[in-house]
Colleague: 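Shown below is the structure under consideration.
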Amino acid sequence: MRGTPRSNRLRIALAGRRNTGKSSLVNALTGQRAAIVSAVPGTTTDPVYRAMELQPLGPVVFVDTAGVDDDGVLGKLRTARTQASLAGADVVVLVVDGSVGWGPWEDEICRQAAARSLALVVAWNKADLLPHESRLPPVLPGDPPIVPVSAMTGQGVEELRRVLIQTAPEDWAGPPILADLLVPGDTVVLVTPQDSEAPRGRLILPQVQTLREILDAGAMACLVKEDSLETALGQLCRQPRLVVTDSQAFRETDRITPKGIPLTSFSVLFARHRGNIAQLVEGAARVDHLRPGDEILVAEACTHHPIGDDIGRVKIPRLLQERVGGDLSFTWQVGTDLPEDLAGFRLVVHCGGCMLGRREMLARLERLRAAGVPVVNYGVLIASLLGILDRALGPIPGAAEAWERVKAGGRPCRTPPA
Ligand SMILES: Nc1nc2c(ncn2[C@@H]2O[C@H](COP(=O)(O)OP(=O)(O)OP(=O)(O)O)[C@@H](O)[C@H]2O)c(=O)[nH]1
Ligand SMILES: [Mg+2]
C-alpha cells in the first residue's frame with residue numbers, strides 16, 4: 001500500500017535490438033538483479049516493469065522490452081507489445097550495442113520517437129568492449145544525448161541517470177485532477193457509492209488521488225455515500241466549491257445538488273488529467289449518430305471481475321441502447337491492448353484510465369483518432385446520456401468551450417488543453 005501505483009510513475013522504456021543489453025541496463029539502473037539476462041537473443045519476451053525512486057524526479061518505472069528486431073510469428077507479437085510500450089513511455093532509452101554499432105533499427109526507433117515527440121536518450125552500451133577511440137557514434141538524427149555505458153562494469157550508469165533526470169519532460173504528469181479549481185479553505189464534497197462493485201475495505205485509486213490533491217491545495221474534503229449527500233449539504237455552513245461524484249450516482253447527485261453548486265464526476269476530472277477531454281467530448285457528440293446494430297467497443301484498462309450491474313457490461317450498454325432505440329453490438333476489451341483492427345467500431349467507450357499512465361492513455365486516444373474512431377469515457381458518456389454534460393464540464397477550464405464548439409458543429413483542438 002506504500003508504493004506509488006505504476007500509472008503515477010514517470011515511465012522510462014528501454015528499447016533496442018535483441019542482445020544489446022537492455023535487461024542488463026535495467027538491472028544496473030535499478031540496482032536489482034531482477035531482469036533475466038542472457039547471451040541468447042530474444043531473452044525478454046513481454047514488457048517487464050521495474051519501479052524505483054529516481055530523485056529528484058520521484059517515482060519512476062523502467063520498462064524492459066523485447067528486441068525490436070525479433071522475427072517469426074511470436075516475434076511479431078512481441079514487437080507489437082514493444083511498440084505499445086514505446087508509445088506509452090515518457091522517455092525512451094535506445095540501447096545500442098556499441099560493439100555492433102548503429103543501423104536501420106536504431107534509425108527507426110529514432111524516427112518513431114521523433115514522430116511521437118518522445119524524449120529520447122541513446123545508451124551506447126558495452127563500452128567495456130570498445131577500443132577507446134570508437135566509443136562515440138556519429139551525430140544522430142534529432143541529436144539526442146548519447147551516453148557511453150557498460151551495464152556490465154557499471155561505467156557511465158550514474159551519468160545515464162543524470163541525463164534521464166535532465167531529459168524527462170516537466171509536464172509528464174499532465175494537468176492536475178482538481179487542485180487548480182480550489183483555493184485554501186474550500187470544501188469539496190465527494191460522493192462515493194460503496195456498492196457491490198466497490199472493493200472491500202478501501203477506496204479506489206481515483207478517489208484516493210483526488211483526496212490527496214484536495215489536502216495539498218489546503219482545502220477540505222467531505223466524503224459521503226450518495227444517500228448522505230443531502231444531509232451533508234444541509235450541514236455544511238458554507239457552500240462547497242465543488243461536488244464530485246462517482247459517475248454511477250450522477251443522476252441522483254445532479255438532482256440533490258442545488259444548481260448553484262458546481263458538480264462534476266471523478267471520471268470527467270480524469271478525462272482532463274489523464275486524457276484529452278476535447279477528444280472525449282467530441283466522442284460524446286457522436287452518440288446521436290449511432291444506429292441499432294452498430295459496433296461498439298468497451299475498453300477497460302484494468303482487469304476486474306464484473307459483478308451485478310457492472311458499469312461497462314450492463315449499465316452503459318443499457319443506457320446507450322435506450323438512447324439509440326435498439327440493440328447495439330458490443331465488444332469488451334480488457335487490459336492494456338486495444339484490438340488491432342479498429343475500423344469496424346462506430347464508437348469506443350473507454351474507462352477512466354486510472355490504471356494507465358497519461359502517455360499510455362494519450363497514445364490510445366491518438367491511435368483511435370488516426371483510425372477515425374470516436375471515443376468517449378464512462379463519465380463523459382453517462383453525463384451526456386443523462387443530459388447533464390454541460391453541468392459536468394462547467395467546472396473544468398476549457399472543457400465547456402470544447403463542448404460548445406462540438407455542439408456548434410466545429411472540431412475541438414487536437415492537443416489536450418494544458
Ligand atoms: N561486455 C558486456 N556485455 C554486456 C553488457 N551488457 C550486456 N551484456 C551482455 O550481453 C548479453 C545480452 O544482455 P541482455 O541484458 O540479456 O540483453 P537484452 O537487450 O535484454 O536482450 P534480449 O532480451 O534478448 O532482447 C548478455 O550476455 C550480457 O551479459 C556490457 O555492458 N558489456
Ligand atoms: Mg532482455
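Owing to the predicted nature of the structure, the values given are computational and were not obtained by experimental measurement. We count ligands from 1, going down the list as the structure has it; atoms in each ligand are counted the same way.
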Colleague: Charged N to carboxylate O under 4.0 angstrom, Asp294 versus Arg286?
Modeller: no
Colleague: Quick check: does Val149 get an N/O under 3.5 Å from an N/O on ligand 1?
Modeller: no
Colleague: Verify whether one side chain among Thr65 and Ser85 offers a donor that lies under 3.5 Å from an acceptor in the other.
Modeller: no
Colleague: Would Thr65 count as being in polar contact with ligand 1, using the rule that some N or O on each side must be under 3.5 angstrom apart?
Modeller: no
Colleague: Who's the nearest protein heavy-atom neighbour of atom 31 (O) of ligand 1, and how far?
Modeller: Ala151 N, 2.9 Å
Colleague: With 2.8 Å as the limit, count the protein N, O or S atoms near the Mg ion (ligand 2).
Modeller: 2
Colleague: Identify the closest protein heavy atom to atom 29 (O) of ligand 1: which residue and atom is it, and at what distance?
Modeller: Met152 CE, 3.7 Å
Colleague: Closest non-hydrogen protein atom to atom 25 (O) of ligand 1, residue and atom name please, with distance?
Modeller: Lys22 NZ, 2.8 Å
Colleague: Around atom 8 (N) of ligand 1, find the nearest protein heavy atom and jot down its residue, atom name and distance.
Modeller: Lys126 CE, 3.7 Å
Colleague: Between Asn125 and Thr20, do the side chains contain an N or O donor and an N or O acceptor separated by less than 3.5 Å?
Modeller: no
Colleague: When you look at CZ of Arg161, are more than 12 heavy atoms from neighbouring residues, nucleotides or ligands closer to it than 6.0 Å?
Modeller: yes
Colleague: Apply ring-ring contact (aromatic ring centres under 6.0 Å, His included) to Phe62 and list each qualifying residue two or more places apart in sequence or on a separate chain.
Modeller: none
Colleague: Decide whether the shortest distance between a heavy atom of Val40 and an atom of ligand 1 is less than 4.0 Å.
Modeller: yes
Colleague: With a 4.0 Å heavy-atom cut-off (strictly under), which part of Thr44 contacts ligand 1: side chain, backbone, both or neither?
Modeller: both
Colleague: Going by heavy-atom distance to atom 16 (O) of ligand 1, choose the closest among Gly154, Ser38, Gly156, Gly21.
Modeller: Ser38
Colleague: Checking a contact table here: which protein heavy atom is nearest atom 12 (C) of ligand 1, and how many Å away?
Modeller: Asn19 OD1, 3.0 Å
Colleague: Which residue in the set Thr253, Val224, Val244 passes side-chain contact (heavy atoms from CB on, under 4.5 Å) when paired with Val189?
Modeller: Val224
Colleague: Look at the rings of Phe330 and Trp332 and say which category their plane angle falls in: under 30° parallel, 30 to 60° tilted, over 60° perpendicular.
Modeller: parallel
Colleague: Within the 4.5 Å heavy-atom criterion, are Leu29 and Val93 side-chain neighbours or not?
Modeller: no
Colleague: List, one per line, each side-chain donor-acceptor pair under 3.5 Å for residues 203-210, sequence neighbours excluded.
Modeller:
{"residue": "Gln207", "atom": "OE1", "partner": "Ile204", "partner atom": "N", "Å": "3.3"}
{"residue": "Thr210", "atom": "OG1", "partner": "Pro206", "partner atom": "O", "Å": "2.6"}

Colleague: Does ligand 1 come near enough to Pro41 that some N or O of the ligand is less than 3.5 Å from an N or O of the residue?
Modeller: no
Colleague: Name the residue from Thr187, Leu182, Leu242 that meets the side-chain contact (heavy atoms from CB on, under 4.5 Å) definition with Ile214.
Modeller: Leu182
Colleague: Sequence neighbours left out, cut at 3.5 Å: what donor-acceptor pairs do the side chains of residues 51-59 make with other protein atoms?
Modeller:
{"residue": "Glu53", "atom": "OE1", "partner": "Gln55", "partner atom": "NE2", "Å": "3.4"}

Colleague: In the protein, what heavy atom is nearest to atom 7 (C) of ligand 1, and what distance, to one decimal place, separates them?
Modeller: Ser24 OG, 3.3 Å
Colleague: Looking only at protein heavy atoms, which one is nearest to atom 1 (N) of ligand 1, and what is the separation?
Modeller: Asp128 OD2, 2.9 Å
Colleague: Determine, considering heavy atoms only, which of Val157, Thr20, Asn125 sits nearest to atom 6 (N) of ligand 1.
Modeller: Asn125
